[in-house]
Enquirer: 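After the structure tokens below, expect a handful of questions from me.
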Amino acid sequence: MVVTWLFTYAVLAHMDQIAAKDKFDYCLPSNSSCWPSKDLWNELKSKISGGKLHDISNDDDYNKVCDASATDPKAAYTLEDTGEGRCMQYHDCSKKKCDVEAAWNIPEFSVEVSEENDIIEAIKFANKHNIQVVVKTTGHNYAGASMGDGTLLIWMRHFKKYGEIKKAYEKCEESYDAVLKVGGGQVWEEAYKAVGNDYHLVGGGGLTVSAAGGWLMGGGLSASSRLYGMGIDQVIEFEVITADGSKVTASKCENDDLFWALRGGGGGSFGVTTSVHYKLHATKPFCEMSFVVSDFKEPNYDSKTVFKWINLLVDSAPTLDTKWGGYWTLASGIFYYQGTEEETKDSEFYKKINNLGNISWESFRCGESYFAARGGPDNMGTDQTSQKEFNIASRLIPMDFVQNQPDKMKGILIWMIYNGYFTFNYIIGGKMMDVATDATAVHPAMRQSVFQIETFDERLIQKLREELPDSGAGFNHAAKNEPDWENQFWGSNRERLETLKKKWDPDNRFNCWHCVGYLQGNDSTTGRGYTLSLSILLNLLVFIAVFLRNY
């Protein structure tokens with residue numbers, strides 16, 4: 001009998017050691033012994049401005065309330081404000097790990113926050129009851145990091161927008177001609193309109209993407225990043241509510257380690273950003289233009305012009321004037337040039353595109369600023385969303401690879417034409433490379449690359465992984481199932497990020513897929529289903545031990 005009990009206690013002690021090393025021990029709705037009662041939830045509701053605490057746990061409601069047509073150019077606007085925070089811009093991300101065949105991954109409750117105290121009360125409540133927290137503004141994350149079954153969602157869309165421009169701003173013994181204070185609920189369209197033609201703002205392409213959230217903390221690639229740097233290179237300071245419910249400022253001279261982590265470590269990991277002071281630049285004329293290879297479609301497939309375009313792109317990119325930026329595919333381009341129409345058409349790269357042969361210019365628009373070139377307050381276009389499934393993936397292409405092995409780079413792109421074809425890519429480098437690889441938390445490769453290639457076919461991304469196994473992935477456009485994702489997202493910066501996660505969020509209150517410090521739950525069941533808790537398992541082992549003793 002003594003041997004039996006010693007065996008039992010040895011098993012229990014060993015299990016406790018395992019749980020302490022890697023535990024997903026949040027309280028889930030299925031555990032009535034810890035999950036807050038209705039009265040406790042109502043108490044939280046009374047502390048939220050406007051009482052905007054929403055029960056969004058009915059999975060069946062998703063398709064009803066998140067109904068927007070994928071062909072509707074305004075779908076992104078519908079989804080950013082609909083569904084009390086549950087709607088994702090790409091609907092497969094309403095499921096676990098954005099797997100359209102997986103179980104639902106809808107949070108239990110959402111707190112529609114509008115002021116800092118709402119966030120503080122939500123975090124304090126989650127800490128008291130050991131509830132996992134996720135953060136979301138408009139739902140553009142391709143990995144579903146802003147979702148989580150059985151979680152409390154902090155929904156930022158209706159938080160303060162700010163949008164105020166401050167001139168002669170000083171911080172950390174440095175002076176700035178002008179900065180924009182961006183609010184935690186602000187999207188890029190609102191930020192662009194706040195600045196107008198008065199200054200240049202390094203911002204995102206998607207107008208409904210959060211300006212202070214995931215885009216920024218994932219690095220923030222922009223059409224003007226080659227000229228001014230990434231989004232994170234524009235940040236002067238963050239205001240953040242941390243995992244213990246405290247409000248802190250993170251800058252070069254205050255909480256500088258958190259400042260480092262927030263610039264590339266990803267959204268939803270280290271706290272809830274309530275505002276960002278963002279550097280503005282003097283306004284300058286810009287031109288926006290797009291072209292396509294005219295006959296690159298069935299039955300013609302003008303591969304001659306396409307091959308000429310690929311040769312031009314690969315040969316030009318490493319030394320291209322930093323005034324050029326934008327996006328390209330294997331048979332088209334959407335580019336921005338900092339200059340007047342005359343200067344643009346006189347530039348060497350424009351002339352070479354124009355001389356490719358069988359191309360057509362789809363658009364050409366110039367203005368006094370980037371904002372004007374994009375169409376100004378009334379005619380800026382944005383991404384169409386609301387697809388049922390979206391399989392994006394990305395790979396960073398090192399500058400030295402393109403410079404030293406241009407023929408191999410061209411060969412990879414030509415192979416892609418015949419094995420899936422569609423990509424949508426950034427041309428990067430330029431001023432992005434002036435920042436040290438360890439100065440921010442993004443993968444060091446981001447500072448050493450000339451392209452970020454984005455694919456939508458598994459064959460294409462696998463080809464890039466095989467050819468460039470250590471080049472890294474662009475965090476904001478990475479595959480939801482990226483192998484070895486921690487290393488591919490952060491490279492040599494990963495270890496420091498994990499250390500800082502333990503410092504700023506020791507209980508892993510913020511826990512999400514593709515986030516620093518992610519703790520894996522049981523993906524085969526949901527938080528609202530049956531779960532075998534540790535206490536139940538321990539009791540079961542004790543019962544077995546007693547049974548063995550008697551029989």
Side-chain angles (χ1 to χ4, degrees), residues 62-63 66 68-73 75-76 79 87-106 136 138-149 204-206 208-209 214-215 218-219 221 266-268 327-332 334 382-397 412-413 415-426 443 451-469 471-489 512-515 518 523:
Y62 184 88
N63 291 327
C66 302
S69 171
T71 61
D72 180 3
L79 294 171
C87 299
M88 294 297 288
Q89 297 286 345
Y90 304 95
H91 298 301
D92 52 349
C93 288
S94 63
K95 303 296 185 70
K96 288 183 180 292
K97 298 181 180 178
C98 297
D99 179 354
V100 71
E101 301 296 330
W104 288 101
N105 201 34
I106 311 295
K136 175 174 176 282
T138 57
H140 280 271
N141 187 277
Y142 298 125
S146 54
M147 299 292 267
D149 177 40
T208 60
V209 171
W215 177 90
L221 285 181
Y327 322 98
W328 57 274
T329 77
L330 297 173
S332 65
I334 304 172
T382 193
D383 302 344
Q384 287 188 212
T385 65
S386 201
Q387 289 89 344
K388 297 299 180 186
E389 190 170 6
F390 198 69
N391 291 311
I392 193 171
S394 69
R395 206 75 185 164
L396 296 170
I397 309 300
I412 292 171
L413 296 178
W415 181 90
M416 287 181 161
I417 291 173
Y418 301 103
N419 292 276
Y421 170 58
F422 185 69
T423 63
F424 187 85
N425 319 301
Y426 285 82
H443 196 305
F451 300 131
Q452 178 179 286
I453 292 182
E454 297 166 16
T455 70
F456 305 86
D457 185 300
E458 186 62 28
R459 291 171 294 175
L460 301 186
I461 192 59
Q462 193 54 38
K463 173 72 170 177
L464 292 175
R465 289 176 185 140
E466 291 169 359
E467 297 286 353
L468 297 161
S471 68
F475 179 83
N476 280 346
H477 305 89
K480 55 196 174 188
N481 58 352
E482 181 67 36
D484 189 27
W485 57 271
E486 295 100 331
N487 289 316
Q488 296 302 327
F489 293 170
C512 49
W513 175 233
H514 280 190
C515 295
Y518 172 67
D523 287 336

Enquirer: May I have the step-by-step check of side-chain contact (heavy atoms from CB on, under 4.5 Å) for His140 and Thr208, ending in yes or no?
Expert: CA-CA 8 Å; His140 280 271; Thr208 60; 2.7 Å; yes
Enquirer: Can you tell me how far the NZ atom of Lys97 sits from the CG atom of Asn481, to the nearest 0.5 Å?
Expert: 10.0 Å
Enquirer: Search all heavy atoms of Tyr421 against all heavy atoms of Leu460 and return the closest pair with its distance.
Expert: N-CD1, 3.9 Å
Enquirer: So how far is it from His514 NE2 to Trp485 CH2, rounded to the nearest 0.5 Å?
Expert: 6.0 Å
Enquirer: So, taking the atom named CD1 in Ile453 and the one named OG in Ser471, what distance separates them when rounded to the nearest 0.5 Å?
Expert: 9.0 Å
Enquirer: Excluding sequence neighbours, so at least two apart, what forms side-chain hydrogen bond (donor to acceptor under 3.5 Å, both in side chains) with Thr455?
Expert: none
Enquirer: Mind running side-chain contact (heavy atoms from CB on, under 4.5 Å) on Glu101 and Lys95 for me, showing each step along the way?
Expert: CA-CA 8 Å; Glu101 301 296 330; Lys95 303 296 185 70; over 6 Å; no
Enquirer: Taking atom OG of Ser394 and atom CG of Asn425, what is their separation to the nearest 0.5 Å?
Expert: 10.0 Å
Enquirer: Considering non-hydrogen atoms only, spot the tightest contact between Trp215 and Asn476 and give its length.
Expert: O-ND2, 2.9 Å
Enquirer: Quick check: closest heavy atoms across Trp328 and Leu330, and the distance to 0.1 Å?
Expert: CZ3-CD2, 4.3 Å
Enquirer: Run the side-chain contact (heavy atoms from CB on, under 4.5 Å) test on Phe390 and Gln89 for me, step by step, so that the C-alpha distance in whole Å, both residues' side-chain angles and the decisive distance to 0.1 Å come before the verdict.
Expert: CA-CA 10 Å; Phe390 198 69; Gln89 297 286 345; over 6 Å; no
Enquirer: Quick one, Leu464 with Ile397, criterion side-chain contact (heavy atoms from CB on, under 4.5 Å). Give me CA distance, side-chain angles, the key distance, then yes/no.
Expert: CA-CA 9 Å; Leu464 292 175; Ile397 309 300; 4.3 Å; yes
Enquirer: Taking all non-hydrogen atoms of both residues, which atom of Ala75 and which atom of Ser386 are closest, and how far apart?
Expert: CB-CB, 4.0 Å
Enquirer: Between NZ of Lys463 and CG of Asp457, what distance do you get to the nearest 0.5 Å?
Expert: 13.5 Å
Enquirer: Please find the pair of heavy atoms, one from Cys98 and one from Gly144, that lie closest to each other, and give the distance.
Expert: SG-N, 3.2 Å
Enquirer: Side chains of Met88 and Leu79: does their closest heavy-atom pair fall under 4.5 Å?
Expert: no
Enquirer: Measure the acute angle between the ring planes of Tyr426 and Tyr327, then classify it against the limits of 30° and 60° as parallel, tilted or perpendicular.
Expert: perpendicular
Enquirer: Quick one: does Arg395's side chain have a donor or acceptor within less than 3.5 Å of a partner on Pro469's backbone?
Expert: yes
Enquirer: Using the ring of each side chain (for Trp, its six-membered ring), is His477 parallel, tilted or perpendicular to Tyr142, with breaks at 30° and 60°?
Expert: tilted
Enquirer: Please give me the minimum heavy-atom distance between Gly206 and Asp383, naming the atom from each residue.
Expert: CA-OD2, 4.3 Å
Enquirer: Does any non-hydrogen side-chain atom of Phe456 lie less than 4.5 Å from one of Asn391?
Expert: no
Enquirer: Please say which of Lys480, Gln387, Lys388 ends up in a side-chain hydrogen bond (donor to acceptor under 3.5 Å, both in side chains) with Asp92.
Expert: Lys480
Enquirer: First locate atom CZ of Phe489, then atom CG of Asn487, and finally report the distance between them rounded to the nearest 0.5 Å.
Expert: 10.5 Å
Enquirer: Can you see whether Trp104 has Lys96 sitting over its ring - NZ or CZ less than 6.0 Å from the centre and within 45° of the normal?
Expert: no
Enquirer: So, the side chain of Asn105 versus the backbone of Asp149: is there a donor-acceptor pair under 3.5 Å, distance only?
Expert: yes
